[in-house]
Amino acid sequence: MYKQLGLLDLIHAIQVKVEAKTKLRCYDAVPNNAPSPFYFAEVIAKRPAHTKTMYRDVFTVWIHAVAEPGQSSVRIYELIQLLEESLTEDIILPEGFELILQTNNGVQRIKTDETNEKHAVLAFEFTVCYGFKCKI
């Protein structure tokens with residue numbers, strides 16, 4: 001039996017990469033009154049994507065970028081660019097798992113929150129192999 005990648009391990013790997021490359025906090029749950037700017041990562045979906053030779057899962061993750069309050073959109077655009085650049089480098093998964101594909105699916109939306117903070121949502125997909133099939 002093969003062990004699948006846990007959601008905690010995936011989110012942790014994303015947080016480590018984003019925080020190291022952007023120098024900003026990446027939460028899995030945003031505390032009350034957390035000072036902006038920051039990022040927030042959440043797993044939206046997980047689906048199997050097995051091939052003839054591999055057991056694979058595809059994880060869809062939304063990463064929220066939250067800028068400081070203000071009228072200008074410049075800061076949220078900077079945060080989007082920082083995030084996209086940080087995830088051009090592959091995340092590091094625990095031993096026993098192989099990252100097959102890491103895809104940026106782009107900005108899903110940009111809005112202004114009730115706190116006057118600009119808030120962008122970007123979607124990423126991570127295809128992870130957790131075992132190989134073999135015939136006996």
Side-chain angles (χ1 to χ4, degrees):
M1 178 174 240
Y2 291 103
K3 180 182 176 194
Q4 293 179 308
L5 179 67
L7 299 179
L8 290 174
D9 290 328
L10 176 68
I11 288 295
H12 178 71
I14 293 167
Q15 288 174 309
V16 167
K17 182 63 68 179
V18 170
E19 289 180 359
K21 294 295 182 178
T22 66
K23 306 296 186 224
L24 293 173
R25 187 68 202 265
C26 182
Y27 295 104
D28 61 346
V30 181
N32 288 337
N33 301 318
S36 52
F38 61 84
Y39 296 103
F40 163 63
E42 63 179 331
V43 177
I44 296 303
K46 174 186 171 186
R47 69 180 188 281
H50 307 312
T51 67
K52 286 176 100 175
T53 58
M54 288 187 278
Y55 292 104
R56 303 183 322 173
D57 285 329
V58 178
F59 298 87
T60 302
V61 177
W62 280 1
I63 302 179
H64 303 254
V66 180
E68 303 90 334
Q71 297 299 316
S72 174
S73 295
V74 170
R75 185 61 177 141
I76 194 65
Y77 298 152
E78 291 172 345
L79 290 176
I80 291 168
Q81 184 173 350
L82 268 176
L83 179 61
E84 289 178 330
E85 289 173 0
S86 73
L87 289 175
T88 58
E89 189 176 298
D90 288 349
I91 61 172
I92 307 299
L93 297 176
E95 191 171 324
F97 300 100
E98 185 175 342
L99 181 67
I100 302 297
L101 189 62
Q102 181 172 310
T103 309
N104 178 349
N105 288 336
V107 177
Q108 304 301 300
R109 68 178 176 192
I110 299 175
K111 64 178 188 166
T112 303
D113 291 339
E114 56 278 349
T115 57
N116 203 30
E117 296 168 310
K118 298 283 185 181
H119 179 160
V121 180
L122 290 86
F124 292 86
E125 284 191 344
F126 301 88
T127 303
V128 176
C129 173
Y130 60 91
F132 292 95
K133 299 177 182 180
C134 61
K135 290 187 178 184
I136 298 177

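In this text, all values refer to a predicted model and were calculated from it rather than measured experimentally.
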Anything under 3.5 Å between a donor and an acceptor, one on a side chain of residues 5-16, the other on a protein residue two or more places apart or in another chain? List them.
{"from": "Q15", "atom 1": "NE2", "to": "C26", "atom 2": "O", "distance (Å)": "2.9"}

Which pairs would a plain distance check flag for residues 29-36, meaning a side-chain donor or acceptor within less than 3.5 Å of a matching protein atom at least two apart in sequence or in another chain?
{"from": "S36", "atom 1": "OG", "to": "A67", "atom 2": "O", "distance (Å)": "3.4"}
{"from": "S36", "atom 1": "OG", "to": "E117", "atom 2": "OE2", "distance (Å)": "2.8"}

Could you give the side-chain donor-acceptor pairs of residues 44-51 under 3.5 Å, partners two or more places apart or in another chain?
{"from": "H50", "atom 1": "ND1", "to": "R56", "atom 2": "N", "distance (Å)": "3.1"}
{"from": "H50", "atom 1": "ND1", "to": "R56", "atom 2": "O", "distance (Å)": "3.3"}
{"from": "T51", "atom 1": "OG1", "to": "T53", "atom 2": "N", "distance (Å)": "3.2"}
{"from": "T51", "atom 1": "OG1", "to": "M54", "atom 2": "N", "distance (Å)": "3.0"}

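Taking both residues in full, the closest heavy atoms of T22 and V18 are given as OG1-O, 2.6 Å, listed atom of the first, atom of the second, then distance. Across all their heavy atoms, P37 and R75 have their closest contact at CG-NH2, 3.6 Å.
Taken from NE2 in H64 to CG in D113, the straight-line distance is 10.0 Å, to the nearest 0.5 Å. With values rounded to the nearest 0.5 angstrom, C129 atom SG is found 6.0 Å from E98 atom CD. Note that CH2 of W62 and CZ of F40 are 11.0 Å apart. Values are rounded to the nearest 0.5 Å. Taking CD from E68 and CG from L79, the interatomic distance works out to 6.5 Å, rounded to the nearest 0.5 Å. To the nearest 0.5 Å, atom CD1 of residue I100 and atom OG1 of residue T127 are 8.0 Å apart. Between the NZ atom in K118 and the CD1 atom in I76 there is a gap of 9.0 Å [rounded to 0.5 Å].
No chain of hydrophobic side-chain contacts below 4.5 Å, direct or via other Ile, Leu, Val, Met, Phe, Trp or Tyr residues, connects L122 to Y27. Note on Y77 and F38: separate hydrophobic clusters, where clusters join Ile, Leu, Val, Met, Phe, Trp and Tyr whose side-chain heavy atoms are under 4.5 Å apart, directly or indirectly. Residues V61 and V58 fall into different hydrophobic clusters, defined by Ile, Leu, Val, Met, Phe, Trp and Tyr side chains chained together at heavy-atom separations under 4.5 Å. A single hydrophobic cluster is not seen to contain both L87 and V121; linkage of ILVMFWY side chains at heavy-atom distances under 4.5 Å, directly or through other members, places them apart.
Counting non-hydrogen atoms of neighbouring residues, nucleotides and ligands closer than 6.0 angstrom, the CD atom of Q81 reaches no more than 12 such neighbours.
Side chains of L83 and Y39 form a contact here, defined as non-hydrogen atoms less than 4.5 Å apart. Side-chain contact between N105 and E125 is present, with heavy atoms from C-beta onward closer than 4.5 Å. Annotation: side chain of F124 is in contact with side chain of I63 (closest heavy-atom distance under 4.5 Å). Counting heavy atoms from C-beta outward, H119 and T112 have side chains that stay 4.5 Å or more apart.
Annotation: cation-pi pair K133/Y55 present, NZ/CZ under 6.0 Å from the ring centroid and within 45° of its normal.
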How far apart are the C-alpha atoms of F126 and I91, what are their side-chain angles, what is the distance that settles it, and do they pass the side chain to side chain contact (heavy atoms under 4.5 Å, CB included) test? CA-CA 9 Å; F126 301 88; I91 61 172; 3.7 Å; yes
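Using bins of under 30°, 30° to 60° and over 60° for the plane-to-plane angle, the ring pair Y130/Y2 lands in the perpendicular bin.
Classification of E19 and R25 as a salt-bridged pair holds, one side-chain N sitting under 4.0 Å from a carboxylate O.
Looking only at distances, no side-chain donor or acceptor of E84 sits under 3.5 Å from a matching main-chain atom of L82. A side-chain donor-acceptor contact under 3.5 Å links Q102 to the backbone of E89. Counting only distance, with no hydrogens or angles, the side chain of N104 and the backbone of G106 share a donor-acceptor pair below 3.5 Å.
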